[in-house]
Amino acid sequence: QVQLVESGGGLVQPGGSLGLSCLASRSIFNIDAMGWYRQAPGKQRELVAHITSTGIITYADSVKGRFTISRDNDKNRVYLQMNSLKPEDTAIYFCYADTRVPVFNMYWGQGTQVTVSS
C-alpha cells in the first residue's frame, strides 16, 4: 500500500520555484518526524530537510536559505517550498515519515521528479 504520496514536482528554469507536498496516510500511527530526501542520477540519496513533531527543523547546507520545510497542525502533511532553484537541485524527491512508538520505523513515498533546466 502507498502510505505517503508526494505532489508538486515538475520542470522549472534556474532561479524558479516549486512547492512540494506530501500526505501521509492515517494508517501510519504516531508519526514523529517528517521530511524530504532527494536522489540525483549517480548520487547517493541525501537528506534535504527534516522537521520533528515539535517543530525543530534541519536543512542540508546546500539548501539553507533557499528551501523551507513546514507541516500541518495535524502533522499528517509536510511541505517543501523550493526557491532560487539550481540545476544541481535536479533529483527525485522522496517524502518520509518516521514513528517511534511502538517501535522506530520509516515510511517512504514513491518520489516526485524535480528538474531544473533552461
Side-chain angles (χ1 to χ4, degrees):
Q1 296 182 16
V2 177
Q3 294 183 286
L4 295 96
V5 179
E6 304 98 334
S7 62
L11 174 65
V12 65
Q13 293 185 338
S17 297
L18 284 174
L20 305 183
S21 179
C22 173
L23 174 64
S25 171
R26 292 295 188 183
S27 66
I28 305 175
F29 297 116
N30 300 312
I31 291 174
D32 189 78
M34 302 184 75
W36 299 87
Y37 278 76
R38 67 185 181 186
Q39 188 164 29
K43 294 186 177 181
Q44 186 177 4
R45 184 177 294 191
E46 65 176 348
L47 178 66
V48 177
H50 170 96
I51 182 167
T52 71
S53 62
T54 56
I56 300 172
I57 295 171
T58 301
Y59 293 106
D61 287 343
S62 60
V63 307
K64 285 181 180 178
R66 300 189 297 121
F67 291 11
T68 303
I69 190 171
S70 60
R71 64 195 290 178
D72 283 0
N73 291 336
D74 63 9
K75 296 179 171 59
N76 74 317
R77 283 187 184 270
V78 64
Y79 305 91
L80 187 69
Q81 179 63 43
M82 304 183 294
N83 299 324
S84 301
L85 283 161
K86 304 174 181 179
E88 307 93 273
D89 296 316
T90 296
I92 301 174
Y93 284 70
F94 297 90
C95 175
Y96 73 90
D98 73 48
T99 58
R100 313 290 171 92
V101 178
V103 296
F104 179 83
N105 206 350
M106 294 188 71
Y107 301 83
W108 297 89
Q110 292 184 323
T112 186
Q113 178 71 46
V114 173
T115 302
V116 185
S117 177
S118 59

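When the side-chain hydrogen bond (donor to acceptor under 3.5 Å, both in side chains) test is applied to Thr52, the partners found at least two apart in sequence or on another chain are Thr54.
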Check the pair Thr115 / Val12 against side chain to side chain contact (heavy atoms under 4.5 Å, CB included), numbers first and verdict last.
CA-CA 6 Å; Thr115 302; Val12 65; over 6 Å; no
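Counting only heavy atoms from C-beta outward, the side chains of Val114 and Thr90 never approach each other to under 4.5 Å. By the 4.5 Å heavy-atom criterion applied to side chains, Leu4 and Glu6 are not counted as neighbours. The side-chain heavy atoms of Asn83 and Phe67, taken from C-beta on, include no pair separated by under 4.5 Å. Residues Ser117 and Pro87 form no side-chain contact, since every pair of their non-hydrogen atoms from C-beta on lies 4.5 Å or further apart. You'll find the side chain of Met82 reaches within 4.5 Å of the side chain of Tyr93, heavy atoms only. Side-chain contact between Tyr79 and Gln81 is absent, with no heavy-atom pair separated by less than 4.5 Å.
Screening residues 9-36 for salt bridge (charged side-chain N to carboxylate O under 4.0 Å, His left out) gives Arg26-Asp74, Asp32-Arg100 as the qualifying pairs, with residues at least two apart or on separate chains.
Judged purely by atom type and a 3.5 angstrom limit, Asp98 uses its side chain to pair as donor or acceptor with the backbone of Ala33. A donor-acceptor pair under 3.5 Å is formed between the side chain of Arg66 and the backbone N or O of Ser84. A donor-acceptor pair under 3.5 Å links the side-chain atoms of Tyr59 to the main chain of Ile69, judged by distance alone.
Of the inter-residue distances, the one linking Ser21 atom OG with Asp72 atom CG reads 7.5 Å to the nearest 0.5 angstrom. The distance from atom OG of Ser53 to atom CD1 of Ile31, rounded to the nearest 0.5 Å, is 10.5 Å. Here the SG-OH distance, from Cys95 to Tyr107, works out to 13.5 Å after rounding to the nearest 0.5 Å. Note that the OG atom of Ser27 and the CD atom of Gln3 stand 4.0 Å from one another [nearest 0.5 Å]. Taking OG1 of Thr112 as the reference point, atom CZ of Arg38 lies at 14.0 Å (rounded to 0.5 Å).
What you find for Ser70 and Ile51 is that their closest heavy atoms are CA-CD1, 4.3 Å.
Residues Ser62 and Glu88 have side chains that never bring a donor and an acceptor to within less than 3.5 angstrom of each other. For the residue pair Thr99 and Asn30, no side-chain donor N or O sits within less than 3.5 Å of a side-chain acceptor on the partner.
We find that Lys86 and Asp89 are not joined by a salt bridge, their nearest charged nitrogen and carboxylate oxygen being 4.0 Å or further apart.
Other residues sharing a hydrophobic cluster with Ile92 under the 4.5 Å side-chain heavy-atom criterion for ILVMFWY residues are Tyr37, Leu47, Phe94, Tyr96, Phe104, Met106, Trp108.
Taken together through direct or relayed side-chain contacts under 4.5 Å among Ile, Leu, Val, Met, Phe, Trp and Tyr, Leu80 and Ile57 form part of one hydrophobic cluster. No single ILVMFWY cluster, assembled from side-chain heavy atoms under 4.5 Å apart, contains both Val78 and Leu23.
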